[in-house]
Amino acid sequence: MKGSLCVRIVSLILSVCVLCSGCSMIGADVENQLIPPQNDVEQNAMQNALNAQLQTQNFVLTYPTGGDYRTPFVVLNQIRKPEVITPTPTVPEKTESNILDGWGLVFYRYTTGNAKTRIHVLRKDEEGVWNTVADIEGFGTEIGDVNFADLTGDGFPELLLGWTLYGTVEKRLEIYRIDKQLETIACDVTYAFLTTADLTSDGAEDIVLMHPHNGEQRVEVQLLTAHERELRFRGKTKLDKGVAQVSHVLRAALSPTVTGLYMDCKKDSDTTITELVYWNGTSLESPFSDDVTDTNTMTSRNGKLFCRDIDGDGEVEWPISREDGLTDWVSYDFRAGESITKFSSVVNIEDGYLIRLRPEWQDPETTSISFIPEERVIYLEDKGTEQRFLEIMTVSADEKFDLPEGYRYIGEKQKKKYAVRVDSDIITLEEAQYVFVAL
């Protein structure tokens with residue numbers, strides 16, 4: 001019977017995200033980028049200000065080819081500061097105004113000659129009119145990615161541009177102080193992947209970067225911090241030697257004083273691992289990769305489900321696929337230095353949810369788990385009584401649909417509605433709402 005359970009469930013364990021192909025480079029997954037919403041009114045106003053300043057039509061806007069920002073216009077108060085997952089969320093302080101209000105950037109280049117892309121800084125005056133503050137020539141023609149991070153801890157983010165280097169997957173890093181009329185922070189750095197986080201817990205964000213993967217040696221991660229007008233190297237560590245691409249990054253509090261980076265990495269088309277990197281006060285650590293084998297078997301799994309705070313407890317969990325088709329969710333106990341299985345689940349990637357399973361529901365001798373594709377229903381059945389005690393149905397939020405008798409809606413996400421029907425002798429509606437988790 002265990003084999004039949006696996007057959008019924010295995011079709012559900014599908015990829016939640018599509019990863020880029022190729023295993024010879026490290027970079028951010030193109031499909032994993034979050035582009036902040038743009039205000040067309042502001043863009044038009046910034047465009048008009050640029051036109052008035054340049055007094056020529058011989059220029060084109062430069063669209064970054066990667067990263068979180070794919071537009072030539074950036075309004076700074078729309079920048080999204082990355083969330084840090086923590087067991088004790090902090091409430092943001094309310095302020096009268098945003099320090100980033102009234103600041104904007106435009107990327108462009110002239111069409112004559114071999115012109116490089118330029119960075120144009122605008123500020124809005126009291127009447128709401130955009131005016132030029134600074135304009136400088138950048139390092140190259142094509143912007144590979146755009147990042148913002150408060151590297152100095154003054155509350156105002158620096159602009160981090162990754163300039164495309166032709167003939168290599170690496171990019172050249174240039175850092176600009178926006179509030180100082182594009183004063184640069186000196187650095188001689190190239191990278192294949194870059195992210196930022198306050199790993200050193202000093203109130204300023206640090207730079208974490210990687211270089212291309214050669215397939216033979218372990219991938220090296222470096223930590224850099226800004227000091228006055230230059231970058232300083234702080235430390236390095238190594239990941240699994242098979243890491244080909246970083247697909248997803250989460251920042252999480254490992255303790256009241258330590259922040260870690262959880263990075264979902266692609267090794268090949270079928271294998272994903274989660275790496276953890278943190279600063280221990282004197283050195284950069286990566287506890288999931290083994291120094292003897294140069295590999296990370298602790299978080300390795302088939303499929304491409306990413307790590308996340310799946311149960312909302314302020315800790316990051318990563319999925320591990322089981323031979324019987326179920327999925328365990330595992331977290332890292334920072335104090336003990338070991339992994340802990342939090343719970344097991346059946347995952348329906350196609351419809352975007354999972355069901356937490358009680359220990360007794362995982363016994364194939366007493367419980368069967370089945371999926372009816374044409375009805376988009378997963379149900380759990382007591383084999384002794386042949387009674388379905390939990391059924392979950394997915395319906396489109398856009399279609400008019402009369403629920404079958406006994407079903408009740410319990411959630412809605414991404415144009416999908418979820419309904420449940422229970423045998424109250426085994427599980428209550430409230431308990432069903434707890435075991436159901438939308439992805």
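- Judged by distance alone, with hydrogens and angles left aside, the side-chain atoms of Arg301 form a donor-acceptor pair with the main-chain N or O of Leu305 at under 3.5 Å.
- In this structure a side-chain-to-backbone donor-acceptor pair under 3.5 Å is missing from Thr274 to Met263.
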- prompt: After noting the C-alpha distance and the side-chain angles of Arg234 and Asp206, does the key distance pass the salt bridge (Lys or Arg N to Asp or Glu O under 4.0 Å) rule?
  reply: CA-CA 10 Å; Arg234 295 295 298 272; Asp206 309 303; 5.5 Å; no
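- Checked by atom type and distance alone, the side chain of Thr132 never pairs as donor or acceptor with a backbone atom of Ala134 at under 3.5 Å.
- Across Arg356 and Phe343, no two heavy atoms sit closer than the pair CG-CE1, 3.8 Å.
- In this structure, Tyr332 and Met298 have side chains that are in contact, with non-hydrogen atoms separated by less than 4.5 Å.
- Taking Asp402 as the reference, nothing meets the side-chain hydrogen bond (donor to acceptor under 3.5 Å, both in side chains) condition, with sequence neighbours excluded.
- A donor-acceptor contact shorter than 3.5 Å links the side chain of Asp198 to the backbone of Gly203.
- Distance alone, capped at 3.5 Å, is enough to place a donor-acceptor pair between the Asn296 side chain and the Thr299 backbone.
- Note that CG of Asn280 is 10.0 Å distant from OG1 of Thr237, once rounded to the nearest 0.5 Å.
- For Tyr409 and Tyr418, the ring centers sit 6.0 Å or farther from each other.
- Judged as a ring-ring contact (aromatic ring centres under 6.0 Å, His included), and not counting sequence neighbours, Tyr262 has no contacts.
- Between atom CG of residue Leu173 and atom CG of residue Leu224 there is a gap of 8.5 Å, rounded to the nearest 0.5 Å.
- In this structure, Tyr176 has no ring-ring contact (aromatic ring centres under 6.0 Å, His included) partners at least two apart in sequence or on a different chain.
- Distance alone, capped at 3.5 Å, is enough to place a donor-acceptor pair between the Asp150 side chain and the Gly155 backbone.
- Take Tyr110 and apply the ring-ring contact (aromatic ring centres under 6.0 Å, His included) test, not counting sequence neighbours, and it matches Tyr108.
- For Lys342, the salt bridge (charged side-chain N to carboxylate O under 4.0 Å, His left out) criterion is met by Asp311, Asp313, Glu315, Glu317, not counting sequence neighbours.
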- prompt: When you look at Val221 and Leu209, which way does the side chain to side chain contact (heavy atoms under 4.5 Å, CB included) test go after all the steps?
  reply: CA-CA 6 Å; Val221 180; Leu209 57 82; over 6 Å; no
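- With sequence neighbours excluded, no residue forms a salt bridge (charged side-chain N to carboxylate O under 4.0 Å, His left out) with Glu375.
- Between Lys238 and Glu220 no salt bridge is recorded (no basic side-chain N to carboxylate O distance below 4.0 Å).
- Taking 4.5 Å as the limit, some side-chain heavy atom of Leu54 sits within range of a side-chain heavy atom of Phe59.
- Side-chain contact between Asp240 and Glu275 is present, with at least one heavy-atom pair separated by less than 4.5 Å.
- The local environment of CD in Glu374 is crowded, with over 12 non-hydrogen atoms from other residues, nucleotides or ligands closer than 6.0 Å.
- With contacts defined as side-chain heavy-atom distances shorter than 4.5 Å, the pair Leu159/Ile175 does not qualify.
- Rounded to the nearest 0.5 angstrom, Ile273 CD1 and Lys267 NZ are separated by 5.5 Å.
- In this structure a side-chain-to-backbone donor-acceptor pair under 3.5 Å is missing from Asn48 to Ala52.
- Annotation for Asp125: atom CG counts as buried by contact number, over 12 foreign heavy atoms lying within 6.0 Å.
- You'll find the side chain of Asp68 stays beyond 4.5 Å of the side chain of Val146, heavy atoms only.
- Aromatic rings from Phe107 and Phe73 are positioned such that their centres are separated by 6.0 Å or more.
- By the 4.5 Å heavy-atom criterion applied to side chains, Ile369 and Leu357 are counted as neighbours.
- Taking Asp188 as the reference, Arg172 meet the salt bridge (charged side-chain N to carboxylate O under 4.0 Å, His left out) condition, with sequence neighbours excluded.
- Ile119 is not listed as a side-chain neighbour of Asp135, based on a closest heavy-atom distance of 4.5 Å or more.
- With sequence neighbours excluded, no residue forms a ring-ring contact (aromatic ring centres under 6.0 Å, His included) with Trp130.
- Under the 3.5 Å distance criterion, the side-chain polar atoms of Asp145 are left unmatched by any main-chain donor or acceptor of Ile143.
- Atom CG of Leu105 is separated from atom OH of Tyr69 by 10.5 Å, given to the nearest 0.5 angstrom.
- Shown here is Gln55, whose CD atom has more than 12 heavy atoms of other residues, nucleotides or ligands within 6.0 Å.
- Between Leu284 and Val277, the closest side-chain pair of non-hydrogen atoms falls below 4.5 Å.
- Applying the side chain to side chain donor-acceptor pair (under 3.5 Å) test to every pair with at least one member in residues 159-168, sequence neighbours left out, gives these pairs: Glu142-Thr164.
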Just distance, no hydrogens or angles: give the donor-acceptor pairs under 3.5 Å from side chains in residues 249-256, sequence neighbours left out.
unit_1	atom_1	unit_2	atom_2	d
Arg251	NE	Thr196	O	2.8
Arg251	NH2	Thr195	OG1	2.7
Arg251	NH2	Thr196	O	2.9
Ser255	OG	Thr257	N	3.2
Ser255	OG	Val258	N	3.1

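- Residues forming a salt bridge (charged side-chain N to carboxylate O under 4.0 Å, His left out) with Asp333 (at least two apart in sequence, or on another chain): none.
- Ion pairing of Glu42 with Lys124 is present here, as a side-chain N (NZ or NE/NH1/NH2) and a carboxylate O approach within less than 4.0 Å.
- Rounding to the nearest 0.5 Å gives a distance of 13.0 Å between CD1 of Ile410 and NZ of Lys417.
- Within the structure, the salt bridge (charged side-chain N to carboxylate O under 4.0 Å, His left out) test picks out the following pairs touching residues 280-291 (sequence neighbours left out): Arg218-Asp291.
- Dense packing is recorded around CZ of Phe401, with more than 12 heavy atoms of other residues, nucleotides or ligands lying under 6.0 Å away.
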Check against salt bridge (Lys or Arg N to Asp or Glu O under 4.0 Å), Lys81 and Glu205: CA-CA 11 Å; Lys81 188 174 181 179; Glu205 293 182 80; 5.7 Å; no
task: Could you please spell out the steps behind the side chain to side chain contact (heavy atoms under 4.5 Å, CB included) verdict for Leu199 and Leu223?
output: CA-CA 9 Å; Leu199 295 191; Leu223 178 69; 4.1 Å; yes
